[in-house]
Amino acid sequence: MLGNLNGWHLLIVLAVILLLFGAAKLPALAKSMGQSARVFRSEMKEMKRDDEVAAPSPEAPRATEAGTASSVTPEKRASNDTPA
């Protein structure tokens, strides 16, 4: 799809962007895009690190005690709704 683009097409696209945003706003736009990319990369690294920490190792023993959260039944709560 983009294989047919050449240098002239790129120049035309850049000229249109310059006309739409103006020369004064382009540095701020580039700075905000760079910051967004940096934040995105750091969040991706953090997600990978969280996945590595959260992944259980096959050698680790599993907890099968009766007091674990999965075997505890939730309490019934009293409703605050009053019939009108």
Side-chain angles (χ1 to χ4, degrees):
M1 181 173 139
L2 298 176
N4 294 336
L5 296 179
N6 59 25
W8 287 108
H9 292 116
L10 182 62
L11 286 175
I12 292 171
V13 169
L14 289 175
V16 169
I17 290 173
L18 183 64
L19 289 174
L20 288 176
F21 293 105
K25 292 186 181 181
L26 286 180
L29 180 65
K31 180 180 177 183
S32 66
M33 288 183 66
Q35 287 175 342
S36 298
R38 193 175 312 121
V39 168
F40 180 75
R41 275 189 253 125
S42 67
E43 290 295 324
M44 291 298 293
K45 286 180 184 178
E46 187 175 329
M47 287 176 61
K48 286 180 183 178
R49 190 177 332 122
D50 289 346
D51 288 345
E52 290 172 359
V53 170
S57 63
E59 299 154 0
R62 298 181 114 189
T64 56
E65 299 175 12
T68 59
S70 61
S71 64
V72 176
T73 57
E75 294 181 18
K76 290 187 178 181
R77 292 176 156 187
S79 175
N80 292 337
D81 297 335
T82 56

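We number each residue from 1, following the sequence as shown. All values derive from a computational prediction rather than experimental measurement.
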Handout entry: Co-members of the apolar cluster containing L14 [side chain, <4.5 Å]
Key = L10
Handout entry: Nonpolar side-chain network containing V39, other nodes, edges under 4.5 Å
Key = none
Fill in the blank from the handout: Residue set satisfying side-chain contact (heavy atoms from CB on, under 4.5 Å) with I17, at least two apart, ordered chain then number -> V13, F21, L26
Problem - Residues forming a side-chain contact (heavy atoms from CB on, under 4.5 Å) with N6, sequence neighbours excluded - result: W8, H9
Exercise for the section: State yes or no: do M33 and M44 share one hydrophobic cluster built from I, L, V, M, F, W and Y residues joined by side-chain heavy-atom distances below 4.5 Å, directly or via other members? Expected result: no
Fill in the blank from the handout: Between the OG atom in S42 and the CE atom in M47, the distance rounded to the nearest 0.5 Å is 11.5 Å
Fill in the blank from the handout: To the nearest 0.5 Å, atom CG of D50 lies from atom CD of E43 at 9.5 Å
